[in-house]
*Asks:* 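Below are the structure tokens for one structure; questions will follow.
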Amino acid sequence: MLDPRHILILAVLLGAVGLWLMLPRGGARGRAVGTVLGIVALGLWFSQSHGLGQWTADGMFFVLAAIAVVAAVGTVTSRNPVYCAIWFGLSLLGAAGLLLLVGAQFLAVATVLVYAGAILVMFLFVLMVAQPEGKASCDRMSWEAGISAAAGIAMVGVLSVAIGGVLAPSCPAMPPIVPPTQEELAAGVLDPHQVARLGGELFGRRLIAVEIAGTLLLAALVGAAVIVNQFSGRRHDGQSREQ
Amino acid sequence: MHPEIALLNDFLLVGALLFGVGLIGFVSRRNMIVMFLSAEIMLQGVSLSLAAWGRFHNDFGGQTLVLLIIAVAACEAAVALALVLTLFHRRGSLDIAAWHFLREANQPPFRDAPLPEEPAQRREPWPRLPTAGVRPETFGEENDYRPRV
């Protein structure tokens with residue numbers, strides 16, 4: 001039972017049951033049990049990760065990763081959509097902290113600005129327009145909670161086993177992995193002038209990609225305006241078309 | 001294990017977990033807003049993996065891709081919210097099951113399971129105030145326009 005893969009499989013099974021219990025299923029109970037199972041599964045799953053060498057880096061990583069993942073589970077399982085949006089903001093902050101930890105400073109700031117500053121506020125705005133009374137009956141039910149929890153968690157299990165197998169040093173199918181040294185990183189991704197380097201890369205080698213992203217944003221803007229304008233004259237007239 | 005490989009491993013694991021949780025939410029939740037929040041969580045998981053790979057290969061390509069993901073997420077949010085607002089105006093509900101008639105012809109119609117009543121929350125009683133002032137003048141039409149007032 002001490003084989004790492006067995007622990008991983010156990011964590012996956014516990015996580016599936018916990019998520020199934022946590023998802024809204026009408027009047028069914030068991031959220032507290034599901035939460036406990038999910039926390040146990042998360043602990044088992046994180047126990048399979050490897051240390052980063054320093055306890056400060058380890059501690060930061062575990063705290064931020066736990067914030068990101070627990071808040072993501074909260075987003076998925078909350079009954080009230082406003083709470084879903086707030087959990088989502090917390091998950092974003094955890095993910096931005098993880099991006100800082102990996103050395104992507106600009107991306108961390110851009111994530112907080114764009115997601116938490118713009119997208120999340122827009123979601124809350126639509127929520128306030130459409131469903132100001134909070135919970136609706138559709139938030140208390142979910143489609144096939146058991147099957148979807150099992151499928152998603154099984155995918156997580158397959159992915160993590162595959163990641164562990166590929167990155168293990170004894171994998172015969174792969175050429176030997178040569179990680180970068182600290183000197184190479186300091187001259188590359190972890191340069192003190194990292195944001196300037198990223199900007200130079202964006203507007204030098206990747207200029208076409210930036211242009212395409214700008215065109216995509218323009219197209220989405222026009223598309224959103226067209227979609228809203230096209231149907232704005234009709235309200236609640238779709239009832240008669242059903243069946 | 002080399003610390004850089006350990007870092008990559010841990011970040012890929014967290015990215016996979018975020019992606020899986022978002023996938024579960026997108027498949028199983030019925031509120032359209034929550035479905036799109038779940039899709040954004042999946043994008044976050046992929047962003048983490050890309051940033052970790054970029055560091056491992058000592059290349060800015062990963063971070064460039066994450067920037068593209070952020071741009072695509074902004075586009076997705078704009079179009080998705082326009083669609084959600086339109087669908088809400090057509091049906092008066094954010095429930096995705098209100099559109100179940102778009103199913104294929106050989107599928108049975110969706111029937112909502114009867115929900116047990118939510119236990120009523122205890123409300124603090126309003127304080128009783130002494131009657132003061134005069135009743136404001138209202139117009140008959142105003143009640144039609146503002147039914148919640």
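Labels below follow one simple rule: chain letters A, B, ... track the order of the sequence lines, proteins then strands, and each chain is numbered from 1. Note that the structure is a prediction, hence the values are computed from the model and not measured.
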*Asks:* Chain A heavy atoms under 4.5 Å from B:Val14: which part of the residue, side chain, backbone, both or neither?
*Replies:*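 Its backbone and side chain both get close to chain A.
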*Asks:* Under the rule for salt bridge (Lys or Arg N to Asp or Glu O under 4.0 Å), what residues qualify as partners of A:Arg25, not counting sequence neighbours?
*Replies:*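 Here no residue qualifies.
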*Asks:* Quick one: what part of B:Glu76 sits under 4.5 Å from any heavy atom of chain A, side chain, backbone, both or neither?
*Replies:*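 Neither; nothing under 4.5 Å.
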*Asks:* Below 4.5 Å from any heavy atom of chain B, which atoms of A:Leu190 appear? Answer side chain, backbone, both or neither.
*Replies:*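 The side chain, not the backbone.
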*Asks:* Measuring heavy-atom distances to chain A, does B:Ile33 have an atom under 4.5 Å in its side chain, in its backbone, in both, or in neither?
*Replies:*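 Contact with chain A involves both backbone and side-chain atoms of B:Ile33.
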*Asks:* Using non-hydrogen atoms only, which part of A:Trp87 is less than 4.5 Å away from chain B: side chain, backbone, both, or neither?
*Replies:*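 For A:Trp87, neither part sits under 4.5 Å from chain B.
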*Asks:* Tell me, side chain or backbone of A:Ile147 under 4.5 Å from chain B's heavy atoms, or both, or neither?
*Replies:*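 No part of A:Ile147 comes within 4.5 Å of chain B.
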*Asks:* Heavy-atom distances under 4.5 Å only: say whether A:Phe61 touches chain B with side chain, backbone, both or neither.
*Replies:*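 Contact with chain B: side chain only.
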*Asks:* Between A:Arg79 and A:Asp139 (salt bridge meaning N to carboxylate O under 4.0 Å), is one present in this structure?
*Replies:*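 A:Asp139 and A:Arg79: not salt-bridged.
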*Asks:* Between B:Asp59 and A:Arg206, is there a side-chain N and carboxylate O pair less than 4.0 Å apart?
*Replies:*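 Answer for the salt bridge query: yes.
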*Asks:* For B:Leu18, which atoms come within 4.5 Å of any heavy atom of chain A: side chain, backbone, both, or neither?
*Replies:*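 It is the side chain, since no backbone atom gets that close.
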*Asks:* Does any heavy atom of chain A fall under 4.5 Å from the side chain of B:Val84, the backbone, both, or neither of them?
*Replies:*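 For B:Val84, the contact with chain A is made by the side chain alone.
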*Asks:* Can you say whether B:Leu68 sits under 4.5 Å from chain A via the side chain, the backbone, both, or neither, judging by heavy atoms?
*Replies:*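 Just the side chain, heavy atoms under 4.5 Å.
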*Asks:* Heavy-atom distance under 4.5 Å to chain B: side chain of A:Phe88, backbone, both or neither?
*Replies:*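 Side chain only.
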*Asks:* Measure A:Val114 against the heavy atoms of chain B and call it side chain, backbone, both or neither at under 4.5 Å.
*Replies:*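 For A:Val114, side-chain heavy atoms alone lie under 4.5 Å from chain B.
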*Asks:* With only heavy atoms counted, which part of B:Leu85 is less than 4.5 Å from chain A, the side chain, the backbone, both or neither?
*Replies:*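 For B:Leu85, the side chain is the part near chain A, not the backbone.
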